[in-house]
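From a predicted model like this one, the values you see are computed outputs, not experimental measurements.
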Amino acid sequence: MRLKTVIHSAFLLFILLSCKSENFQNNEIFLKLPEWPPEKSYGINYPALQEWKISINYGFASSSFNLPALVPGFYLPVYSNEPVSILAWPITDGISFFEASGMIFPYSQSFDWQEGFTALILHKFYLSQKENKEIEKWCQKVNWQKMSESLNEKSKKSPIFYNPFLLDQENILSALINKELSASLFNLKKTSSVPISAFRENKNFDYLSSYVPQNLAIKLNSCVSMKENWNSNFLCLSEPKEIVTASIDSSEILSLTYNLLPIK
């Protein structure tokens, strides 16, 4: 299994060296994949892990590959100065339901579920600016650590559970492109705490959020954070399992749509 991680790393290194060999440091680091079930799951009934979907984006080059569940991690070619988006989606029941754990290297060197949002923003930013020759210089100037710190501060001060995936990602990307990023973009708006019992009135099973940190909040507080007129996905642990698309309107009336998981 270790051989597979080395092969992937060597292949990625070959691609990247062919792009910008003059700026590579002559080493690589080992990145340990997240724990599954997630650390501090406190008995939450997560589905079994089948594999990890990995995405690495340097800006000037990117790579995606899957790793078996039992592989402990993989090797990352180290490139100086460039912020690197690294994402790891857990594949369960044959699908990528849960949001990715992630990091932005070199500012972080370990996977974190909350950091997955910031890493995803950088990933999408790189993808949206493929033709921009100044993108690498601009990304070096963005204070990605400050962005993560702002999100953490918002999370600590929020009166309800803070789910960054309820933020408008398009607005954040637009602000990055126009160099107008501000902490106010990380304020949750028109967001309410909805009791999980409202879900169980429809089907009396346990529900999991696609944002892993929220599942502990569900277990401890029996509530989920939802945004007005915004679709959020949950996993209903019925038999068979179902994906639930949930939304609330301005009157906080809950709507639920159930779809069976695809048969594999």
Side-chain angles (χ1 to χ4, degrees), residues 34-50 52-53 87-102 112-117 120 151-152 154-170 186-264:
E35 292 185 13
W36 192 269
E39 185 181 5
K40 299 180 181 179
S41 58
Y42 295 103
I44 296 171
N45 189 22
Y46 282 97
L49 177 68
Q50 294 171 316
W52 292 99
K53 177 184 176 183
L87 294 158
W89 286 270
I91 305 299
T92 60
D93 297 302
I95 63 170
S96 175
F97 170 76
F98 297 99
E99 302 290 357
S101 183
D112 185 272
W113 295 102
Q114 292 179 314
E115 290 292 323
F117 179 80
L120 182 64
L151 289 166
N152 286 333
K154 299 289 183 183
S155 178
K156 291 176 183 177
K157 295 179 180 179
S158 177
I160 65 174
F161 180 81
Y162 185 87
N163 181 351
F165 286 92
L166 297 180
L167 299 173
D168 192 321
Q169 295 181 33
E170 293 303 316
F186 306 137
N187 294 333
L188 289 180
K189 299 175 182 178
K190 298 183 178 180
T191 308
S192 303
S193 185
V194 177
I196 202 67
S197 59
F199 288 68
R200 291 182 176 139
E201 286 176 5
N202 194 298
K203 291 193 177 184
N204 190 22
F205 295 98
D206 288 337
Y207 290 79
L208 294 179
S209 169
S210 57
Y211 180 49
V212 166
Q214 184 163 226
N215 290 316
L216 181 57
I218 293 174
K219 186 174 182 67
L220 296 178
N221 305 318
S222 299
C223 290
V224 298
S225 296
M226 296 185 63
K227 186 174 181 178
E228 181 181 313
N229 299 319
W230 184 284
N231 289 335
S232 297
N233 288 328
F234 298 86
L235 186 65
C236 177
L237 299 181
S238 54
E239 189 56 51
K241 298 184 185 78
E242 297 174 278
I243 292 179
V244 186
T245 301
S247 63
I248 55 171
D249 61 17
S250 57
S251 300
E252 297 190 10
I253 295 175
L254 178 67
S255 298
L256 302 171
T257 304
Y258 289 78
N259 290 288
L260 289 174
L261 291 179
I263 299 174
K264 296 295 181 179

*Asks:* Apply side-chain contact (heavy atoms from CB on, under 4.5 Å) to L237 and N45, showing your working.
*Replies:* CA-CA 8 Å; L237 299 181; N45 189 22; 4.1 Å; yes
*Asks:* Which pairs of donor and acceptor atoms, one on a side chain in residues 249-260, lie under 3.5 Å apart (sequence neighbours left out)?
*Replies:*
| residue | atom | partner | partner atom | Å |
| --- | --- | --- | --- | --- |
| D249 | OD1 | S251 | N | 2.9 |
| D249 | OD1 | E252 | N | 3.1 |
| D249 | OD1 | I253 | N | 2.9 |
| E252 | OE2 | S192 | OG | 3.0 |
| Y258 | OH | Y207 | OH | 2.7 |

*Asks:* Any side-chain to backbone donor/acceptor pair from W36 onto P47? Under 3.5 Å, distance only.
*Replies:*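 Yes, because the side chain of W36 sits within donor-acceptor range (under 3.5 Å) of the backbone of P47.
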*Asks:* Apply the test side-chain contact (heavy atoms from CB on, under 4.5 Å) to residues W230 and T191: give CA-CA distance (whole Å), side-chain angles for both, the deciding distance (0.1 Å), then the verdict.
*Replies:* CA-CA 9 Å; W230 184 284; T191 308; over 6 Å; no
*Asks:* Any donor-acceptor pair under 3.5 Å linking the side chain of Q214 with the backbone of S225?
*Replies:*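 Yes, Q214 side chain to S225 backbone: donor-acceptor pair under 3.5 Å.
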*Asks:* Could you go step by step and tell me if C236 and I243 meet the side-chain contact (heavy atoms from CB on, under 4.5 Å) rule?
*Replies:* CA-CA 6 Å; C236 177; I243 292 179; over 6 Å; no
*Asks:* Got F97 and L261 here, is their nearest side-chain heavy-atom distance under 4.5 Å?
*Replies:*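 The answer is no; the side chains never approach within 4.5 Å.
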*Asks:* Could I get the full list of salt bridge (charged side-chain N to carboxylate O under 4.0 Å, His left out) partners for K241, not counting sequence neighbours?
*Replies:* D93
*Asks:* Please collect all salt bridge (charged side-chain N to carboxylate O under 4.0 Å, His left out) contacts where either partner lies in residues 186-204, sequence neighbours excluded, each pair once.
*Replies:* R200-D206, K203-E242
*Asks:* Please determine, by modelled atom types, if S210 and N233 share a side-chain donor-acceptor pair under 3.5 angstrom.
*Replies:* no
*Asks:* Start with the C-alpha gap between Y42 and L216, add the side-chain angles, then the distance that decides, and say whether side-chain contact (heavy atoms from CB on, under 4.5 Å) holds.
*Replies:* CA-CA 8 Å; Y42 295 103; L216 181 57; 3.3 Å; yes
*Asks:* With sequence neighbours excluded, tell me which residues meet side chain to side chain donor-acceptor pair (under 3.5 Å) with K154.
*Replies:* N187
*Asks:* Within this structure, what is the CG-OG distance for the pair L235 and S209, rounded to the nearest 0.5 Å?
*Replies:* 10.0 Å
*Asks:* Quick test of your reading: applying salt bridge (charged side-chain N to carboxylate O under 4.0 Å, His left out), list the pairs with at least one residue in residues 221-240, sequence neighbours left out, ordered by first then second residue.
*Replies:* none
*Asks:* Atom CD1 of I95 and atom NZ of K53: how far apart are they, to the nearest 0.5 Å?
*Replies:*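 I95 CD1 to K53 NZ: 12.5 Å, rounded to 0.5 Å.
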*Asks:* Within this structure, what is the CH2-OG distance for the pair W113 and S101, rounded to the nearest 0.5 Å?
*Replies:*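 If we round to the nearest 0.5 Å, W113:CH2 and S101:OG are 5.0 Å apart.
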*Asks:* Taking the six-membered ring for Trp and the single ring otherwise, decide whether the centroids of W89 and F98 are under 6.0 Å apart.
*Replies:* no
*Asks:* Testing the basics here: between Q114 and P213, what is the closest heavy-atom pair and its distance to 0.1 Å?
*Replies:* CG-CG, 4.1 Å
*Asks:* Could you list the donor-acceptor pairs under 3.5 angstrom formed between side-chain atoms of residues 157-167 and any protein atom two or more places apart in sequence or on another chain?
*Replies:*
| residue | atom | partner | partner atom | Å |
| --- | --- | --- | --- | --- |
| S158 | OG | I160 | N | 3.4 |
| S158 | OG | I160 | O | 2.6 |
| Y162 | OH | F186 | O | 2.5 |
| N163 | OD1 | F165 | N | 2.9 |

*Asks:* Between CD1 of I248 and CG of N231, what distance do you get to the nearest 0.5 Å?
*Replies:*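 Answer for the CD1-CG pair, I248 versus N231, is 11.5 Å.
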*Asks:* At what distance, to the nearest 0.5 angstrom, does CG of N229 lie from OG of S247?
*Replies:* 7.5 Å
